[in-house]
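Below is one structure, written out as structure tokens, with a few remarks after it.
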Amino acid sequence: MSEPLLRARDLSRTYHGGVRDFAALRDVSIEVAAGDWVAVTGPSGCGKSTLLHLLGGLDRPDRGEVWLAGQRLDTRSESERALLRRRHLGFVFQFLNLVPTMTVAGNVELPLVLQGIGRRDARRRALETLDELGVADTADAAPAELSGGQQQRVALARAVVHRPDVLLADEPTGALDSAAAETVLDLLRRRHEDGQSIVLVTHDHRVAAAADRVVTMLDGQIADERDLSGPTGRPTLRNLINLEG
Amino acid sequence: MKHVVLGLLAAGPAHGYELRRRYDELFADAGGEVNIGQIYVTLGRLERDGLVAHTAESGGDRRDRKVYRLTESGTATLHEWLSAPSDPPLVKPDVLLRLVAARLAAPLLPDVNPRTVITHHRQRCLEALRELDRQAARTTAGSVSGLLVQASALHLQAELRWLEACQQQLAQIELKTSWKENGDE
């Protein structure tokens, strides 16, 4: 078996301070192979965002290991982790982190430019991705001029534009109305079909059900893991819904 | 079915096959399967209760057809039904019954685990939600099937959230076992 793209073993993370310590994560292990689409769900405070931050090297575990593309991530320095992140990951945060002094297109081009791709190619790919998400008309605007939902889609465009090994997304449909959420899900489905590995955190079960694997977290631990990729009974609308019992 | 047929007849008199055509057009692939037999059985009952009446009409082809229409009493019944509030969507606690039974049966059926009851149900709900989402893309806004898909998807999401609460409280789901106190132990 080949080495999974992303692997975490026995991760624990406790936040200190406040009235008492809070064990956000307790002995969580997870593996993401190339092409996997994993959704992590659970009630707020269950540790799902903490897990994503540890997987992305934004935070370090108290115990356990994180391996990204065959390299240990959690023991590296902040700058080394930033480099590995840039090389292998696309990240959509709950706080969107768009660069306020750059245009929308400039933000989305950034990961490509950092990879050494020429301006013209970078611009073309940025516009294509923005277009896929229905926000191409905002390309020349400043992020602050956009609505929350538009900013969220721009952040997603920036996270996927360079086709990272793994896309990590924290509530990527959180600020969106249902039509915009559908646009985002469509993009994720298409990228997944092209082989994009995705780990997304969501409290929205509809979004989670689009993934091939659904991990449910409760109280800092993995409570359940469901595989939805296999052939289901293919329930038909008629079977699912019965008007008069 | 009774009120649906009354509603279909409210659009104008029709014979049985015409009613089924109206039903299929409205509910597309969303409604429960309805066959012509059900329609005729329902019409028969409605006629017995005086809610519809029929006149025979020779259809030009080989058979005479019964064309049904609402009676005054039928119109009043439809009006009464439409004026009454719908049932609130209170859930049938099927999973909860299984959870409790799984607890009670633990000594007898040691391989049955309440957690498994939850995870199996979660799998089913997630699969149904996944399929509904696929089908939602094929419905049009404002269509009966579209609205049914939305209703089902939202109920499934509520069920999945409730399952999380169930699982979280599993350890605390206490059973009154005082009536068993004189048993083993």
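Just so it is clear: chains get the letters A, B, ... in the order the sequence lines come, proteins before strands, and each one is counted from 1.
Only the backbone of Ala210(A) comes within contact range of chain B, judged by heavy atoms closer than 4.5 Å. Proximity to chain B (any heavy atom under 4.5 Å) is shown, for Asp186(A), by neither the backbone nor the side chain.
Looking at Gln167(B) and Asp224(A), their side chains never bring a donor and an acceptor atom within 3.5 Å of each other. One side chain, Gln123(B) or Arg226(A), offers a donor N or O that lies under 3.5 Å from an acceptor on the other. Looking only at atom types and distance, the side chain of His203(A) has no donor-acceptor partner in the side chain of Glu164(B) under 3.5 Å away.
By the 4.5 Å heavy-atom criterion applied to side chains, Asp133(B) and Leu185(A) are counted as neighbours.
Here the shortest heavy-atom pairing between His205(A) and Leu126(B) reads O-CD2, 4.3 Å. In terms of heavy-atom proximity, Glu127(B) sits nearest to Leu228(A) at CG-CD2, 3.9 Å.
By the 6.0 Å contact criterion, CZ on Arg98(B) is open, its count of non-hydrogen atoms from other residues, nucleotides or ligands being 12 or less. Residue-environment remark: CZ (Arg124(B)) stays at or below the threshold of 12 foreign heavy atoms within 6.0 Å. Taking a 6.0 Å sphere around CZ of Arg22(B), one finds it holds more than 12 heavy atoms contributed by other residues, nucleotides or ligands. Heavy-atom neighbours of Arg45(B) CZ from other residues, nucleotides or ligands within 6.0 Å: at or below the threshold of 12.
Note: Pro43(A) leads Cys46(A), Ser178(A), Pro43(A) in heavy-atom pairs under 4.5 Å with chain B.
Between Asp212(A) and Arg130(B) there is a salt bridge, with a side-chain nitrogen of the basic residue lying less than 4.0 Å from a carboxylate oxygen of the acidic one.
With values rounded to the nearest 0.5 angstrom, Glu225(A) atom CD is found 12.0 Å from Thr119(B) atom OG1. Rounding to the nearest 0.5 Å gives a distance of 11.0 Å between CD of Gln168(B) and OG1 of Thr216(A). Interatomic distance, CG of Leu132(B) versus CZ of Arg206(A), reported as 10.0 Å (0.5 Å rounding).
Side chain of Arg115(B) to backbone of Ala223(A): a donor-acceptor contact under 3.5 angstrom is found.
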